[in-house]
Each structure stands twice: as structure tokens, then as C-alpha cells.
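Scroll down for the structure; my scribbles are underneath it.
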Amino acid sequence: MTTLDLTRAELALIVLYLNKAEARDKICRAIQYGSKFLSGGQPGTAQTVDKNTSLARKVFRLFKFVNDFHGLISPVPKGTPLPLVLLGKSKNALLSTFLFLDQIVWLGRSGIYKNKERTELLGRISLFCWLGSSVCTSAVEIGELGRLSSSMKKMEKELKADDELYRAKLQKSNDRTLALIKSSMDIIVAIGLLQLAPKTISPRVTGAFGFTTSLISCYQLLPSRPKLKTP
Amino acid sequence: GTTLDVSRAELALVVMYLNKAEARDKLCRAIQYGSKFLSGGQPGTAQNVDKSTSLARKVFRLFKFVNDLHGLISPVPKGTPLPLVLLGKSKNALLSTFLFLDQIVWLGRSGIYKNKERAELLGRISLFCWMGSSVCTTLVEVGEMGRLSSSMKKIEKGLKNGNKYQDEDYRAKLKKSNERSLALIKSAMDIVVAAGLLQLAPTKITPRVTGAFGFITSIISCYQLLPTRPKIKTP
């Protein structure tokens, strides 16, 4: 392979990554919360970028509520305990409601929907939905981590720790730990946006946590490379 | 399946469609030019939506220039005549430059890059690049359609008694030719949009005309991005 071939292959991976709407949204989210962190809630360039990017993401997420609506009516993997099913479905319902209401917030911010007060109210309700969905996600991840660890312990007792299946479970457990960290940090972001604890969770803290969770999302969206087999 | 299964399958198609960054961008483009058409260039809600959606698309297209950079250095299908290769590569280069410069325009509009005059100049240059890329695309489509029609005529002559519509190869070429006609219409209309944005003929190509043409080309793009459904075979 020549150098050009290599660059081309690498560029193809980047193109593939950036062609996902979700990856682009999370990059913009990193810009949004990064500038919130820099602005610290004070007027200026950073705050303008924060607000513009926030509005930009809203228009890009129009109709995205169908994603979680689809998740809501799709069947769950067999063997999932009822509490986790209910938590997962609540998460879908809350996220779908958040994304649906967020469309009206966009209509309000761009002046199409004229009732400013109603827009603000719906904006707050939508953020509470998002907060709720992050709480549900955290609870689901904790539950799933518990299930994984108990089944891994069983395998350890049966001396199957070298098993393919064991390693797959370990990988899944790591993925879920990261998801748990992300969703618990997003709870703080939601509290910050809702100004429920304005003294401890300042715009700077909100920005820092939001930026971190955006980077985690960007990482999660990376294509899983086929690992080189070791003998 | 039950009704729920059907709606779930349909919803899955919608989700798949909307997960493409390109499909979302073109939907926003339809909103952008649709409101430009409604505003007719006059201040008001429609113009606000036009401007904010335009800015929103810029931030969403950050780093998108790598797409066409990749096209620029990728090999072309064998047998493509040199003029068409050169036109295709020019299109990639111009589109990539447009998208690259558009990032600086975004930096300017959001106040990160402070030199307003320079940002405006780069904005104009970027639009000229986009116009150039639309001209190149139009020429490529014309050239490719010419090639397709001559090879289709050859197939017709080769078939002595058979129905040409029963020939697999002929039908595939016919389908491609239809697709290229649509792409030709789109790129030709986009030249008008670019001329409108650059205000090269402000009396003829008003904001309303620009908006109408831009809206139509956005809808064409949305259509082109629809997944190709496997057709039901007829006996």
C-alpha cells in the first residue's frame, strides 16, 4: 500500500464517521458546552456561540423524537427483568417527549411560535423530561451492570474466565460503565440547565460536564475496529 | 404481521433515513430556502428562520470538506473519458474549497473570527466555488448522459427481435439515465441559486426566485437520499 492509499483509507473512516447525524450532533454539542464553559454564563462571543449552537442543534434534531418512539414500541431482548424493561421504556418515552417539545422550543426561539411564556414553560418541561430520561438511563445501566457481574461471577466459579463469552461480557460491562458515567454526569448538566442548584452547579460546571459527556458520546460513536487476533 | 409490526417497520425506515447527516442537512436546507422564498428578502420571522437555519447548517457541516477531499483522491471508474474525469475532480476540489471556506464564514458570523470584511470576502469566494462546482456537475451529468444514450442505442441495434425493455442491461442503463437527468436538473437549478446568493442578477434572480429554486433542489436531494426499495418482481 502506498501512502496515498493509507490516507485515503483513513479519510474514508472519517467520512463514514461524519456521515452519521448523531456524530455531527455530538460534535456540535461539544462546541456548545465547551463555549458554555468558556463563557461561564457571561455575555460575549463564547455565550453567542453557545446559544447559536444550541439553536442549530434544535433545528437539526427536528423529527428526531421518532427515534425514541421507535425504541418505545420495539420489543426488548428476551430475559430482561420487568423493572429494567419499565425503566428502559420510561427512558424512551421521556426522551421522545423531550425531543418533541424541543421542536416547539425551536419554533418559539425562531419566532414562528409567538407565545414566549408558553415556549419557556415547554422548554423547562422538556428539560425535566431529559433529566428524567438521564435518571432512567443511569438506573438501567446500574441494573444491567449488576446482571452482567453476577453472570460473570457464575462463569468464574465454573472456571470459564477464558471463554469468548466471558470476554464479551467484560467488554459489555466496560461499555455500560462508561454509559453510566455519562448518564450520571448528564443529570448534573440537566440540573445546571434548569438552574435547580445555581450556586453549586454554575454555568461553568454545567459546561464542563456537558463537554465531557459530549466527548464520551463522540467516543461511543467511533466504529468498533476489528481487533487483531493474538495467537 | 400485525398493524404494530407494519408501523414499526415503517418507523424504522424513517429512523434510518433521519440518521443520515446528509438527509438532515437537506431537510434543513428545504426549511432555509423555503423561508427565503416566504420572506422574499424582507425582514421578519421568515428571514430570521432563513438566517438562523443557514448558520445552523454551517456548524453542522464543519469538517465536511473531507468528504470531497476523499472524492478528489479516490480513483475513478475505469473507462471514464479524461474530460469527464477532470470535470469530476474539479467539482470535488471546488466543493471541498467551498466547504472549507464556509467554516471560516461560520467563525465570522459567530464572532470568533473578528475580521468582518475578510469573512464577507471569503463568503463570496466560497459561493463562487459552489457555483463552479454546480457548473462542473452539470457538465459531468450531460457528458455521462451522452455516454449512456450511445451505449443504449448500441444495445437496441444488437437486439434484433427482442423487446429492449426486457433486456436487464438496457433497463439498468435506462434507470441510471433517469437518475442522471434528475441530477442534471438539480445542478442546473443550483447554478441559479448560487447566482441569486451572489446577487449577480438581482433584478431577475430575486430572493424569492432563489428561495423557490433552492427549495426545489433541496426536495430533489431529499428524494435522492431515499433508500432504494427492492422492487417486487413481476412474472
Side-chain angles (χ1 to χ4, degrees), chain A residues 3-5 7-25 27-32 35 38 44-75 106-107 109-114, chain B residues 4-5 7-25 27-32 35 38 44-75 106-107 109-114 225:
Chain A
T3 325
L4 185 65
D5 281 333
T7 346
R8 204 186 291 146
E10 275 163 7
L11 268 184
L13 277 179
I14 298 175
V15 168
L16 212 73
Y17 184 71
L18 291 177
N19 278 350
K20 289 184 213 169
E22 192 66 10
R24 288 208 165 265
D25 182 54
I27 292 171
C28 290
R29 192 176 186 268
I31 296 174
Q32 179 190 343
S35 14
L38 290 177
T45 305
Q47 199 183 43
T48 313
V49 174
D50 171 13
K51 286 194 174 163
N52 282 344
T53 318
S54 163
L55 196 63
R57 287 183 59 226
K58 285 190 205 304
V59 57
F60 250 82
R61 286 186 316 213
L62 291 176
F63 317 116
K64 200 186 166 185
F65 71 94
V66 294
N67 270 28
D68 278 272
F69 188 68
H70 182 245
L72 188 63
I73 63 169
S74 292
W106 173 72
L107 289 174
R109 295 265 161 86
S110 44
I112 301 171
Y113 178 62
K114 304 282 179 199
Chain B
L4 184 65
D5 281 332
S7 56
R8 202 188 291 145
E10 274 165 7
L11 218 50
L13 279 180
V14 177
V15 168
M16 224 161 71
Y17 184 72
L18 291 176
N19 278 349
K20 290 185 215 171
E22 193 66 10
R24 287 209 166 267
D25 183 55
L27 281 173
C28 289
R29 191 177 186 267
I31 296 174
Q32 179 190 342
S35 21
L38 291 177
T45 305
Q47 198 182 44
N48 280 347
V49 174
D50 171 13
K51 286 193 174 166
S52 69
T53 316
S54 164
L55 197 63
R57 287 183 59 227
K58 285 190 204 308
V59 57
F60 246 81
R61 286 186 317 212
L62 290 176
F63 318 115
K64 200 188 166 184
F65 71 96
V66 295
N67 270 30
D68 278 273
L69 196 66
H70 182 247
L72 189 62
I73 62 170
S74 293
W106 174 71
L107 289 174
R109 296 265 163 87
S110 44
I112 301 171
Y113 178 63
K114 303 282 179 197
L225 287 164

Minimum heavy-atom distance between [X] and [Y], given as atom pair plus value:
X       : Y       : result
A:Leu11 : B:His70 : CB-CD2, 3.8 Å
A:Ala56 : B:Val59 : CB-CG1, 3.5 Å
A:Ala21 : B:Phe60 : O-CE2, 4.2 Å

Relative to chain A, which segment of [X] carries a heavy atom at a distance below 4.5 Å: side chain, backbone, both, or neither?
X        : result
B:Lys51  : neither
B:Ile112 : both
B:Asn48  : side chain
B:Ser74  : both
B:Val14  : side chain

Enter the distance from [X]:[atom1] to [Y]:[atom2] here, rounded to the nearest 0.5 Å.
X        : Y        : atom1 : atom2 : result
A:Arg8   : B:Leu72  : CZ    : CG    : 10.5 Å
A:Thr53  : B:Trp106 : OG1   : CH2   : 5.5 Å
B:Arg8   : A:Leu72  : CZ    : CG    : 10.5 Å
A:Asn19  : B:Glu22  : CG    : CD    : 7.0 Å
B:Leu107 : A:Thr45  : CG    : OG1   : 11.5 Å

Checking heavy atoms, do the side chain of [X], its backbone, both or neither come under 4.5 Å from chain B?
X        : result
A:Arg109 : neither
A:Asn67  : both
A:Ile14  : side chain

**Message:** Would you say that B:Phe63 contacts A:Ile27 through its side chain, given a criterion of any heavy-atom pair below 4.5 Å between the two side chains?
**Reply:** yes
**Asked** With side chains defined as the heavy atoms from C-beta onward, is the minimum distance between B:Leu55 and A:Leu55 less than 4.5 Å?
**Response**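 B:Leu55 does not reach A:Leu55 side chain to side chain.
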**Prompt:** Pick from A:His70, A:Lys114, A:Lys58: which one has the most heavy-atom pairs with chain B under 4.5 Å?
**Reply:**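 The residue among A:His70, A:Lys114, A:Lys58 with the greatest pair count is A:His70.
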**Asked** Are the side chain of B:Arg24 and the backbone N or O of A:Leu62 linked by a donor-acceptor pair below 3.5 Å?
**Response**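 Pair found, side chain donor or acceptor close to backbone of A:Leu62.
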**Message:** Within the supplied structure, the quantity of interest is the number of heavy atoms (other residues, nucleotides, ligands) at a distance under 6.0 Å from A:Lys51 NZ; does it exceed 12?
**Reply:** no
